[in-house]
Amino acid sequence: MKIASTPRLTATLLLATLAAPVTLAFSPEATLAARAEKDAWMRDDPQSPFNHAAHKVEFSPLHYFAPDAGWVFQSKLTVYAEQTPVTILDTKGRERKGTVHGFLTFEKNGTKHTLRVYRMETKSGLYHAIWFTDRTTGEATYDVGRYLDFDLSENPDHNYTLDLNAAYNPYCAYSPAYACAIPREEDALDLAITAGEKKWHE
């Protein structure tokens, strides 16, 4: 679940564009159907975190906030002129290397909020990631934080759809077999994002 390929880095900072709410393109029915499909995959697929060979976990359906068009935005990516190296710790205390590639913005209730996009390095190549905490973290939502998939467009002027109804828990929320990246202090959003996946269990 991810935003794919890499545009050329600009020599100067691109201008940030505030995300505007999107309503017409949002389908609650499609969101509910995708959640039902994910539940079926989590329950049945051998690659599911519930079916890990060493740590099989009894499945029960995932929990979500109701679909809400008010949490869907469009935003352009601002790419940092200088790619700052960063070390991300995971839930098993290991270090993950990458850079802070850029950020997306959205406006909710008159306040602008920022989601950073990380470019992370793995043995199999690079990927881009968004993770965050918010006022629901540790209460209604998973204690570590939540993720959004991000596929990077080759078009620097691309308008990304930022659907917070698609915010999800990393695999470590379900099974001790997995480690997941921990959002940094800079990734804490000062609002309650009542959209996307809730805690799976206490």
Side-chain angles (χ1 to χ4, degrees), residues 1-6 26-68 71-72 86-99 101 104 115-134 136-138 140-154 160-184 187 193 195-202:
M1 298 174 167
K2 306 174 192 173
I3 295 180
S5 254
T6 310
F26 181 70
S27 169
E29 294 77 15
T31 298
L32 292 172
R35 291 174 178 181
E37 184 178 352
K38 182 175 180 177
D39 263 13
W41 186 89
M42 286 286 202
R43 182 188 63 236
D44 300 329
D45 196 280
Q47 300 303 313
S48 161
F50 290 93
N51 297 319
H52 190 280
H55 292 282
K56 188 171 177 62
V57 177
E58 183 177 356
F59 174 80
S60 63
L62 310 187
H63 307 297
Y64 297 92
F65 293 100
D68 184 348
W71 289 104
V72 184
V86 66
T87 298
I88 304 294
L89 295 177
D90 70 22
T91 50
K92 292 186 183 294
R94 296 176 297 200
E95 295 184 346
R96 303 183 184 193
K97 301 295 183 180
T99 60
H101 180 66
L104 299 164
L115 287 169
R116 286 168 181 77
V117 177
Y118 292 87
R119 175 179 285 177
M120 303 303 295
E121 304 169 6
T122 68
K123 292 180 180 178
S124 56
L126 297 171
Y127 71 96
H128 293 83
I130 295 174
W131 39 64
F132 65 90
T133 59
D134 66 277
T136 71
T137 303
T141 61
Y142 183 46
D143 303 56
V144 172
R146 291 183 289 169
Y147 292 13
L148 281 173
D149 285 336
F150 185 85
D151 294 320
L152 190 64
S153 171
E154 293 183 349
Y160 293 93
T161 297
L162 185 56
D163 184 359
L164 291 168
N165 293 281
Y168 64 92
N169 296 336
Y171 279 4
C172 62
Y174 316 114
S175 169
Y178 298 88
C180 53
I182 301 172
R184 302 162 69 214
D187 301 314
I193 298 181
E197 190 174 352
K198 296 182 177 180
K199 276 187 178 180
W200 179 62
H201 63 77
E202 291 300 326

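All values derive from a computational prediction rather than experimental measurement. The first residue of the sequence shown is numbered 1, and numbering continues consecutively from there.
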Would the Trp71 and Phe26 ring centres measure less than 6.0 Å apart?
no
With the side chain counted from C-beta on, respond yes when Asp143 and Lys199 share a heavy-atom pair under 4.5 Å apart, and no when they do not.
yes
Any sub-3.5 Å donor-acceptor pair from Asp90's side-chain atoms to Ala179's backbone N or O?
no
Identify the two heavy atoms, one from Ala140 and one from Lys198, that lie closest to each other, and give their separation to 0.1 Å.
O-CB, 3.4 Å
So do the side chains of Cys180 and Thr91 get within less than 4.5 Å of each other, counting heavy atoms only?
yes
Value for CD (Glu121) from NZ (Lys123), rounded to nearest 0.5 Å, stands at 13.0 Å
Could you check whether any side-chain N or O of Trp200 sits under 3.5 Å from a backbone N or O of Tyr142, counting only pairs where one atom can act as donor and the other as acceptor?
no
Is the ring centre of His52 less than 6.0 Å from the ring centre of Tyr178?
yes
Side-chain heavy atoms of Leu89 within contact of Arg94, under 4.5 Å
no
Closest non-hydrogen atom pair, Ala166 against Leu148
C-CD2, 3.8 Å
Point-to-point distance, once rounded to the nearest 0.5 Å, from CG of Asn51 to OH of Tyr174
13.5 Å
Looking at side-chain heavy atoms only, is the closest gap between Pro67 and Leu32 below 4.5 Å?
yes
Does any N or O in the side chain of Glu197 come within less than 3.5 Å of the main-chain N or O of Asn169, such that one atom is a donor and the other an acceptor?
yes
I need the minimum non-hydrogen distance between Ala177 and His55, along with the two atoms involved.
CB-CD2, 3.5 Å
Considering non-hydrogen atoms only, spot the tightest contact between Pro170 and Gly145 and give its length.
CD-O, 3.7 Å
Correct closest heavy-atom pair for Ile88 and Ile182 would be CG2-O, 3.8 Å
Gap between atom CG of Leu62 and atom CZ of Phe59 - 0.5 Å precision:
5.5 Å
With a 4.5 Å heavy-atom cut-off, do Asn165 and Tyr64 have their side chains touching?
no
pair Arg35-Thr31: side-chain heavy atoms closer than 4.5 Å:
yes
If you take all heavy atoms of Ala195 and Phe65, which pair is closest and at what distance?
N-CD1, 3.3 Å
Residue that, paired with Arg146, satisfies side-chain contact (heavy atoms from CB on, under 4.5 Å) out of Ile130, Thr136, Thr137
Thr136
Do the side-chain N and O atoms of Tyr118 and Arg96 include a donor-acceptor pair separated by under 3.5 angstrom?
no
